[in-house]
Each structure stands twice: as C-alpha cells, then as structure tokens.
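Quick notes on the structure that follows.
In this text the structure is predicted, and so the values were computed from the model without any measurement. Every heavy atom of this structure was used, including side-chain atoms; hydrogens, water molecules and symmetry mates were not. Position 1 is the first residue of the sequence, and the numbers go up from there.
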Amino acid sequence: MKRLAAALGAALLLVAPAAVAQGRGDPNALRIKTFGDLRSVDPFISPEYMARNHGYMVYDTLFALDSQLRVRPQMVERFTTSDDGRTWTFTLREGLAFHDGAPVTTEDVIASLRRWAVRDGLGQQLVALATAIEPVDARTFRIVLREPFGLMLQALSKPSGQPPFIMPARIAATPATTPITDPIGSGPFSLRREDWRVGDRVTYRRNAAYVPRNEQPDGLAGGKRAGIERVEWVYLPDAQTALNALTTGELDIFEELPPDLFPVVRQNRNLRIGPQDSVGVQAIFRMNQATPPFDNPRLRQAMRLMVDPAFAMPAYMTDPSLWRDCRSFYTCTSPYRTEAGWVGPNLDAARRAVAESGYDGTPIVILDAQDSTISHTFALVSADLLRQVGLTVDVQAMDWATLIQRRLSRNPVNQGGWALFVSAPTGLDGMDPSGHNAMRSACERTALPGWPCDAEMERLRDAFIAASSDSQRAEAAEAYHRRATETVPYVPLGQFSLVRGYSARLQGILDSPVPVYWNISKAAQ
C-alpha cells in the first residue's frame, strides 16, 4: 500500500503555473462536491457509499483501521481476551457523548451491534457464536462465545460495507427492516437536518463536545479533530460546473475528479490533485441472476472470457500508473489475492461460449448512470464488448439515483427489469470472503442486487470466517475464489485509484481508505 501511495503522489502532485485565479471562499466552511447524493442516513440498511461516508461524519466506531489497515482502538479504551479466546471484555473511553448530550453507554453499544449484525455477514457470525453480549457497567461490556472467533477485531473495525457504527439505543431499537431517520450520533460532526435537501446539499456542523483520542489522526483511527466549523456536501452532477466552482473557490474539494480534467487542475497553482482513497476501487459489471438471460450460468461463464482490463481500464483512467490488471475477485493489495480458476480474455472463445450457452436473444438491458463518469464510461465499454460476442444490447440512460432504485427490481427485462449495471466498489470491500459483499451468494436474503445464489459459495465463506488459523483462512479464501470463477457473481473490469481535486489552501487531508473530513483546516489567504 505504501508503494501505491508513492505512485499516486508521483503521478498526481505535480502542479504547473497558474492559469486561473481562485476565489477566497468561506474560511469556516468546507464545501465538497461529493461523488453522489445522500438519500439515506441509515448506514446499516443502505448499501450506498454515501450512507457509509455520512456514517463516518456523525458516528464513531469501537475500533478503526489506520492508514496501514491495522486495527486500532477508537471508542474503546482497553480490552482483554480470556485465555481460551471465548470471553472478550471491552471498556469505553471516558467522555463519550451523543450530539444531544446523553452519555454513550454499553446499552447503546450492545443495541447498535445487534442491529448491525442483522444484515452484516461478520456480525451475523459473531452473534451466532455469542452466548452473551452483556453490560458489565455503564462503560464496560462483555462478549462471551461458544468457541473462539478469530475475526472479532476485524468485525468490530469493519471499515466499509456496513461498518458497526454506534448510535443511541433508542434509535438502534428501530427494526433492521425500517430505515432510521434520526441522525444523532457521537462523532466529530452532526447533521443539520433542516439544511438537508436531497438532490442539492447536506450540511454538517462541528461537534464542539466531541472528545478525540489523544493521538495523531491516522487513516480512520486516532484523534478525529474537526478543524472547520461547517462541512457542506454539494450535489453537482455536471463535471464542468463543478470544475468552475472549484476554480473560483466556491468548492474546496471535487471528489472523483474525471481523468480528462487532470491537466486543467494541474495548470492552476491554487489547486492540487491527489488520491481520494488509499486502497483503490474495482470496476465491475453486475449481472441480474434472478431473471433471464443471466440466470443461465453458462452465459455468465462466457462473460469471464470477454473482459480484458487492458482494454477496459484506459477508457476511463488514461494515466496507466493509476490502474492495475488485477485478475482476481480480491483486491490487488489483499493478502488473499489469487488467480485460482481465473481464465484469460479471449473474444473468439467468448463468442463460441455465448453461442453454446443457449442464449436466445433476450435483450441485455444495461442501466447507464450518465451522471456518474465511472459508471457511464464502463457501461458503454461493457455494451461494446457484449455486442462483439453476439449479445443483443439495450442501453438505458438514467441518473445514479434512478439506477439504485431500478436495480432493486426483480422483474423480467421486458417488464421494467434489468440485466446489468456497472459500479466501482472500494477495494476495502474486496479484501477477503468475510467482507466481500459483491461475492456474497445468499440469494434474495442478503445478496446485493443481482442476487447470486449458491449454497457452496456460502458454505466456503462460512468456512473462512470459522477458520482457526491463517493457513486455514488462506485455503478457504482460495476455494471461495475458485468457486466464484464457476458461479460468476460479477465480472471484474480492473482496479484503479480514485482522484480528487482540491484547494491548495487545505491542510491536513488524511491518507485514508474512505474519504473523511476531520483534521482539515484552511490556510489564510
């Protein structure tokens, strides 16, 4: 990961002489053009990364990952494990309080963990093994297990997918099938609900009562010190409008800066470009396995032969130092990365496999989110490849908000359904079987839209989680990967790094696997 960060720094932090003067902006506000629109404040229900990023603004976690992806205590002051590994005892830091002034207690922690565990795979495994999750006193709680759980700290520090954020017990009591609407947390910022306008902006205020850890911030861990009074997330789907706002100082940060704008930003001495995350993302196309034609496993297997990252990646990421031909379902930086079962790209073989699959000409309806440069670009790349191997393609334009609603449909393609969409999940969610939601194959129960359904995949995933040694986990991870090359839960297009443009006045931007906005301040003009 250090090599990746170094490559990003060398590739991105070169700045040419000024071309355009930058406006002053508000020194007390940090205005960010986010990559999407916040539609839900429930990070346990919504799979959208905007809900996750919102969670990091308003909530805190028991443990967190630092910039090297090591687990560090966050809300926890200290913890102990019994000799047999079956009893874990955790004590919270003093001074933790929610935005309404109520102290954070173990009652809140336990209620939050139980709600989180309803949907999260690691949480489900933890609760299934627990004979007790109980308070010792207001600051100390205990988890007692039937057998040791080697992924305890990984579960409690899970950084993406559904992180185990801690919320008040009264809010955590909301059924896991009902989205919460009260955004009170104990994190470094609080949401101003009265300023939240879907499709426009979200406003957060610094939580003056927040007590940070007495450590330097490091990734998602350490002291979370809010250096600016107000943070505004602005939804600007048009890249040129956002670029103009960044240039004039109306915006401070432009998330997911499109590569064709890199030269423009580099030419302005008042702007910088740099890595948005420290791990990268994996572009994927996701097939709907609930309806024809991708309910046919032979057709899905043909798709493995179609995709060549060396062809797909340059369509979006023109800087070759920022993408990788990662021939694995696991992230390139994962300790479990393997090519077990992988097949190389071969368009001729893909055409033959499509013909032999029994494909009957059912249109491949591709959901094309035109306000997402990444999704739109790779949707067009996918459409071109599908046509080349003999499939009938119907590209349907929409915005990302419409796509995330449409992809919930399990109807046939001729009744408002869909066959394929493109997204770019973070590499954090592709490190191992336990947190790899895109590989989850639990049918309509907990699989993501596309609904892969394979009992053997789920058995192998459970074997990874239950493994008692590193070698057993490595074997289970390889077996899980090999099975995925047969069932094809999705098709990876390649891995690349996200980039953001930002004002040269900003100081303290963290090297983090998730974009977070504490520790940032503005230098005087």
Side-chain angles (χ1 to χ4, degrees), residues 41-47 51-52 54-56 58-65 71-82 85-93 96-99 102-180 182-187 220-221 429 434-435 437 446 462 465-466:
V41 296
D42 194 331
F44 294 167
I45 287 183
S46 174
R52 176 204 65 186
H54 159 79
Y56 278 108
V58 303
Y59 299 116
D60 218 340
T61 54
L62 297 173
F63 293 84
L65 299 187
V71 177
R72 302 295 190 200
Q74 190 60 33
M75 297 176 79
V76 167
E77 178 181 282
R78 61 184 180 275
F79 65 97
T80 59
T81 312
S82 63
R86 296 182 182 183
T87 300
W88 293 71
T89 305
F90 305 89
T91 300
L92 300 176
R93 292 192 291 123
L96 300 178
F98 291 110
H99 298 146
V104 177
T105 70
T106 52
E107 178 186 1
D108 303 301
V109 171
I110 292 168
S112 298
L113 292 180
R114 290 195 176 279
R115 186 172 191 267
W116 161 72
V118 172
R119 287 178 171 263
D120 184 81
L122 273 176
Q124 291 166 2
Q125 189 77 9
L126 170 58
V127 169
L129 288 173
T131 59
I133 304 177
E134 58 191 11
V136 176
D137 55 40
R139 287 180 51 215
T140 303
F141 68 100
R142 180 167 48 222
I143 299 178
V144 182
L145 307 170
R146 286 196 304 276
E147 58 188 69
F149 181 44
L151 298 179
M152 175 68 79
L153 296 184
Q154 287 86 339
L156 297 183
S157 64
K158 187 179 179 186
S160 191
Q162 284 89 27
F165 295 118
I166 303 304
M167 55 187 62
R170 60 180 176 80
I171 298 174
T174 305
T177 54
T178 303
I180 64 170
D182 188 337
I184 287 179
S186 66
L220 298 173
D429 290 337
S434 67
N437 288 340
T446 53
D462 290 344
I465 294 173

Hey, does Ile133 have a side-chain heavy atom less than 4.5 Å from the side chain of Ile143?
yes
Distance (rounded to the nearest 0.5 Å) between Thr131 OG1 and Glu147 CD:
11.0 Å
One thing to verify: whether Asp137 and Arg142 come together as a salt bridge, which I'm taking to mean a side-chain N less than 4.0 angstrom from a carboxylate O.
no
Applying side chain to side chain contact (heavy atoms under 4.5 Å, CB included) to Leu145 and Thr87, what does each step give before you reach the verdict?
CA-CA 6 Å; Leu145 307 170; Thr87 300; over 6 Å; no
Do Thr140 and Glu77 have side chains that get closer than 4.5 Å, going by heavy atoms?
no
Any donor-acceptor pair under 3.5 Å from His99 side chain to Ile184 backbone
no
Run the side chain to side chain contact (heavy atoms under 4.5 Å, CB included) check on Val76 and Thr91 step by step: do they pass?
CA-CA 6 Å; Val76 167; Thr91 300; over 6 Å; no
What orientation do Phe79 and Trp88 show, parallel under 30°, tilted 30 to 60°, or perpendicular over 60°?
parallel
Taking the side chain as every heavy atom from C-beta outward, state whether Pro73 and Arg78 have any atom pair closer than 4.5 Å.
no
Hey, are the side chains of Phe149 and Leu122 touching, using non-hydrogen atoms and a 4.5 Å cut-off?
yes
Side chain to side chain contact (heavy atoms under 4.5 Å, CB included) between Gln162 and Asn437: does it pass, once the steps are laid out?
CA-CA 10 Å; Gln162 284 89 27; Asn437 288 340; 3.9 Å; yes
Tell me every residue that passes salt bridge (Lys or Arg N to Asp or Glu O under 4.0 Å) with Asp108, counting only those two or more places apart in sequence or in another chain.
none
What's the spacing between Trp116 CH2 and Phe44 CZ if we round to 0.5 Å?
8.5 Å
Less than 4.5 Å apart, side chain to side chain, heavy atoms only: is that true for Arg115 and Thr174?
yes
Does Arg146 reach the main-chain N or O of Ala128 with its side chain, forming a donor-acceptor pair under 3.5 Å?
yes
If you count every heavy atom of other residues, nucleotides or ligands that lies below 6.0 Å from Glu107 atom CD, does the total exceed 12?
no
Nearest heavy atoms of Arg86 and Ser82, plus distance in Å
N-OG, 3.3 Å
CE (Met75) and OG1 (Thr61) are apart, to the nearest 0.5 Å, by 8.0 Å
Ring-plane angle category for His54 and Tyr59, please: parallel below 30°, perpendicular beyond 60°, tilted otherwise.
perpendicular
Under the side-chain hydrogen bond (donor to acceptor under 3.5 Å, both in side chains) test, which residues partner Asp120, sequence neighbours left out?
Lys158
Could you report the tightest heavy-atom contact between Ile465 and Gln125, atom names first, then the distance?
CG2-CG, 3.1 Å
Distance from Ser186 atom OG to Ile166 atom CD1, nearest 0.5 Å?
8.0 Å
Not counting sequence neighbours, which residues clear ring-ring contact (aromatic ring centres under 6.0 Å, His included) with Tyr56? List them please.
Phe165
Once you round to the nearest 0.5 Å, how far does CZ of Arg170 lie from CZ of Phe98?
8.5 Å
Under 3.5 Å donor-acceptor, Asp429 side chain and Gly161 backbone
yes
Going by atom types only, do Ser160 and Arg52 share a side-chain donor-acceptor pair under 3.5 Å?
yes
Test log, rule side chain to side chain contact (heavy atoms under 4.5 Å, CB included), inputs Phe63 and Leu220:
CA-CA 9 Å; Phe63 293 84; Leu220 298 173; over 6 Å; no
Report yes or no: does Gln124 contribute a side-chain atom to a donor-acceptor pair with the main-chain N or O of Val118 at less than 3.5 Å?
yes
Could you state the interatomic distance from CG (Leu151) to CG (Leu126), rounded to the nearest 0.5 Å?
10.0 Å
Just to verify, which of Thr178, Ile171, Ile180, Asp182 counts as forming a side-chain contact (heavy atoms from CB on, under 4.5 Å) with Asp42?
Ile180
Of all heavy-atom pairs linking Val127 and Ala117, the shortest is CG2-CB, 3.4 Å
